[in-house]
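Contents: one structure, followed by commentary.
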Amino acid sequence: MKIDASVPKFLLVGVLNTLFGTAIMFVLYNVFHVSYWWSSAANYFFGSILSYVLNKRFTFKHKGHVVSSALRFTLSIVICYVIAYSIAKPLMMWMLSGYGKAVQENVAMVVGTVLFTILNYFGQRFFAFDERHKS
C-alpha cells in the first residue's frame, strides 16, 4: 500500500500549525480564562490562515483559483471543527466525570485537535485542494 505523497507534508504542516494554534488555545483558556469554545475557535481561526497558505503551496501545490479554494477550505475547516469539538467535549465530560471542568475541557481540547486533524486532512485533500477544483 502506497502512502499518498501529500500525507507526510500535511503532517509536517500539521505539526507546525498544531503547535501554533494549540499555544494560542491554551494561553487563551488557561491564562486569560476565555471559554472552551472561543479558545478552540481562536486556535482554528488563526491556525487556519497558516494552514491554508502552507497546504495550498507546499502540501498540495494547488494552482487553482485562490477565492474558490479559500471558500472550500473555510467550509471544510468549519465542518471539521464542529464535528471534532462537538464529539470531544461531551465524550471527555463523560469519560472524565470525576475530574473538574478545567481538566475535562483541557483534555477535550487535545482530543478535539486530534479528531480535527484527521478530518481536516480528508477535507483539504479531497475538497479544498482537490485537483478537480482547479478553476
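The hydrophobic clustering, which links ILVMFWY residues whose side-chain heavy atoms are closer than 4.5 Å, places Phe46 and Val31 together. By the rule that hydrophobic residues join a cluster once side-chain heavy atoms approach within less than 4.5 Å of another member, Ile49 and Met25 end up as members of separate clusters. Leu19 and Phe26 fall into different hydrophobic clusters, where Ile, Leu, Val, Met, Phe, Trp and Tyr side chains are chained together by heavy-atom contacts under 4.5 Å. Criterion: ILVMFWY side-chain heavy atoms under 4.5 Å apart, direct or through other members. Under it, Phe10 and Val7 are part of a common hydrophobic cluster. Tracing side-chain contacts under 4.5 Å through hydrophobic residues (I, L, V, M, F, W, Y), one never reaches Phe116 starting from Leu54; they form parts of separate clusters.
Pairs passing the side-chain hydrogen bond (donor to acceptor under 3.5 Å, both in side chains) check and including a residue from residues 14-28, sequence neighbours excluded, do not occur.
The side-chain heavy atoms of Phe20 and Leu50, taken from C-beta on, include a pair separated by under 4.5 Å. At least one side-chain heavy atom of Asn120 sits under 4.5 Å from a side-chain heavy atom of Ser76. Looking at Ile87 and Val111, their side chains never come closer than 4.5 Å, going by heavy atoms from C-beta outward. Proximity of Asn30 to Asn106: side-chain heavy atoms (C-beta onward) are separated by under 4.5 Å at one or more points. Counting heavy atoms from C-beta outward, Phe127 and Phe122 have side chains that stay 4.5 Å or more apart. Using a 4.5 Å heavy-atom threshold, the side chains of Gln124 and Ser51 count as touching.
Between Ser39 and Val34 the shortest heavy-atom distance is OG-O, 3.2 Å. In terms of heavy-atom proximity, Thr59 sits nearest to Ser6 at CG2-O, 3.5 Å. Here the closest non-hydrogen pair linking Ala88 and Tyr36 is CB-OH, 4.3 Å.
Relative orientation of the Trp37 and Tyr81 rings is perpendicular, given thresholds of 30° and 60° on the angle between their planes.
To the nearest 0.5 Å, atoms CG (Asn43) and OG1 (Thr113) are separated by 5.5 Å. Annotation: the span from Leu115 atom CG to Cys80 atom SG amounts to 10.5 Å, rounded to 0.5 Å. With rounding to the nearest 0.5 Å, the separation of CZ in Phe60 from NZ in Lys9 is 10.0 Å.
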Inset, instruction - Report the C-alpha separation of Arg57 and Lys63 in whole Å, then their side-chain angles, then the decisive distance to 0.1 Å, and conclude whether the side chain to side chain contact (heavy atoms under 4.5 Å, CB included) test is met. - result: CA-CA 8 Å; Arg57 295 175 188 253; Lys63 305 281 190 232; over 6 Å; no
Inset, instruction - Go through the steps to decide whether Tyr29 and Ser35 satisfy the test side chain to side chain contact (heavy atoms under 4.5 Å, CB included), and finish with yes or no. - result: CA-CA 6 Å; Tyr29 184 81; Ser35 77; over 6 Å; no
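Formation of a donor-acceptor pair under 3.5 Å by the Lys56 side chain with backbone atoms of His62 is found in this model. Checking side-chain atoms of Gln104 against main-chain N and O of Met92 turns up no donor-acceptor pair under 3.5 Å.
At a threshold of 4.0 Å, the pair Asp130-Arg125 does not count as salt-bridged, since none of the basic side-chain nitrogens sits closer than that to a carboxylate oxygen.
The only member of Tyr52, Tyr121, Phe58 that meets ring-ring contact (aromatic ring centres under 6.0 Å, His included) when paired with Phe129 is Tyr52.
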